[in-house]
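What follows is a short report on a single structure.
Note that these values count all heavy atoms, side chains included, but never hydrogens, waters or copies made by symmetry. Just so it is clear: chains get the letters A, B, ... in the order the sequence lines come, proteins before strands, and each one is counted from 1.
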Amino acid sequence: MGAPSTASTDIGRAGALGARFLLLAVVACALMVVDRRTPYLASARHALSVGVYPVQLLVDTPSRFWRWTSTSLTERAALLKENERLKREQLYASARLQRLAALEAENARLRELLESTARVTDRVLVAEILSVDLDPYRQRFNINRGAVDGAYVGQALLDANGVVGQLVQVAPMIAEAVLITDADHAVPVIVSRNGLRTIAVGTGDTGKLRLPYLTNSADIQPGDLLLSSGLGGVFPSGYPVGRVSEVRRRPGQSFASVIAEPAAALDRDREVLLVWTGDDDPSGLAATGTTMRRAWRRIDAESLPDTVEAESTKLAESAGAEAHVADVRETP
Amino acid sequence: MRLAPLLTVLAAVVLEVMPLPPALVPFKPDFVAVALIYWSLAAPPALGLVSALLVGLALDTLTGSLLGQHGFCLMVIVYLVRKFRLRLRAFPAMQSMLVIAGLLAINEFLFLWIDGVAGRSVAISERWPPIASGTLLWVLIWSTFDRGREHAPARL
């Protein structure tokens, strides 16, 4: 370059810097608004997430290596012990599963009798949680399954004990999930003891859910089990969401303060299950709502087979009643 | 030499999403902001506004914030540093530390503010420790790496 005086170059550059800053700031703001209000940037996000995938793998490597070392250095005795325990658990679980299969068949038959939609069995896939730290003020995490595996936005995640969360973003190889305890998340639930329907809202604390829409006179008490109600169409119905731990009825206010503990081990999970509910028939939703309410009444369920069993009994009772009514109508 | 800024920023991005023991998470400094401040102060042509925006987009994708959110905040601080670069370099250590703390605070609160406008829930009290740890990190980096630069001819 020629040599104009330094001062003038500086001024020129400062002006250019300001102009460039303004232009780019407008671009950034436009991006944010479009990303917030419209779905047009989803494909751009896909492309970007493919670009940053190596970073995510790199970050996950140390903890993966650590897990690998610790498993390969475990003592033989400890492994044998664990193996034995797992075998016992497996035996126990498969015994319960046999009962569940029979009950499910019976349930479907009874539901047919009642002319209500059958509950479809859910298909699941195991996904591993990646050790990638997202914004620490939000309860989100990445899993190692993506669009390639058939995952979709809004898909429910479970673990061995209950509902974990749902997917909010899906890239080809990776997906981002939000926990049910995230402050921006809410899940429709049903109280298994009496069929009371409400909504469990996250608090931002992995050990707590809030039930803000229960009045002081609502029939709820500590120890009540909350199941996903299936309303809203995201979470399959009948999975444990949490257990009520604290109920405070405040005389001055119309709503009670109810706190529940999540059933899933949200902060200890390494693996989660992706769930595909069978065909989501929109007309089935309403039917499920009413029959479920009937069926859940006075059921205190500890786990899935128990709830199914109890529901079967209820259904059998109502089916029996209906059959009886039909008989009466036929006789004259 | 041109590779150094790129590598530092990449390392900062990796550190940013690296899982830490839960006790340390609240004190995690904004590595990327510190790296960008350092390079805009030490060697301005290395990383400019465009690279700040691009790094921000990568962070947005990694952490699931709005596209452009990180980029916008980073661009603001890079712009401020470059605009007042000569003055900042002339400041005594204590004063420049305060300015850096101020810049990191601007970064955090812009981010928070955008979250608020976008209707996401925000927690203000948890945003203070990263500013303090970021400033400490900056002091550490600046006192270690900029010794050699002091006698090099300043590039305007």
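- The number of heavy-atom neighbours closer than 6.0 Å to CZ of Phe109(B), taken from other residues, nucleotides and ligands shown, is above 12.
- Looking at every heavy atom in both residues, Ala28(A) comes nearest to Gly68(B) through CB-O, 4.0 Å.
- Residue contact with chain A, scored on non-hydrogen atoms closer than 4.5 Å, is absent for Leu59(B).
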From CA spacing to verdict: side chain to side chain contact (heavy atoms under 4.5 Å, CB included), Leu17(A), Arg82(B): CA-CA 8 Å; Leu17(A) 184 69; Arg82(B) 289 187 67 167; 3.8 Å; yes
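- Between chain B and the residues Leu41(A), Leu48(A), Val33(A), the most heavy-atom pairs under 4.5 angstrom are made by Leu48(A).
- Leu57(B) has its side chain within reach of Leu31(A): a pair of non-hydrogen atoms, C-beta onward, lies under 4.5 Å apart.
- The shortest distance between side-chain heavy atoms of Leu67(B) and Arg45(A) falls below 4.5 Å.
- For a residue to count as touching a neighbouring chain, one of its non-hydrogen atoms must lie under 4.5 Å from one of that chain's; by this rule Val50(B) touches chain A with backbone and side chain alike.
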Run Val76(B) and Phe21(A) through side chain to side chain contact (heavy atoms under 4.5 Å, CB included) and show every step you take. CA-CA 8 Å; Val76(B) 170; Phe21(A) 171 70; 3.8 Å; yes
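- Few gaps surround CZ on Arg67(A); more than 12 heavy atoms of other groups in view lie less than 6.0 Å from it.
- The line from OH of Tyr79(B) to CG of Leu24(A) is 12.0 Å long, rounded to the nearest 0.5 Å.
- The contact between Leu58(A) and chain B is made entirely by side chain atoms (from C-beta outward), counting heavy-atom distances below 4.5 Å.
- Minimum interatomic distance between Asp35(A) and Ser65(B) (heavy atoms only, all atoms of both residues): OD2-O, 4.4 Å.
- Rounded to the nearest 0.5 Å, atoms CZ (Arg37(A)) and CG (Leu66(B)) are 10.5 Å apart.
- Listed options Ala25(A), Ser49(A), Pro62(A) were ranked by heavy-atom pairs under 4.5 angstrom with chain B; first place goes to Ala25(A).
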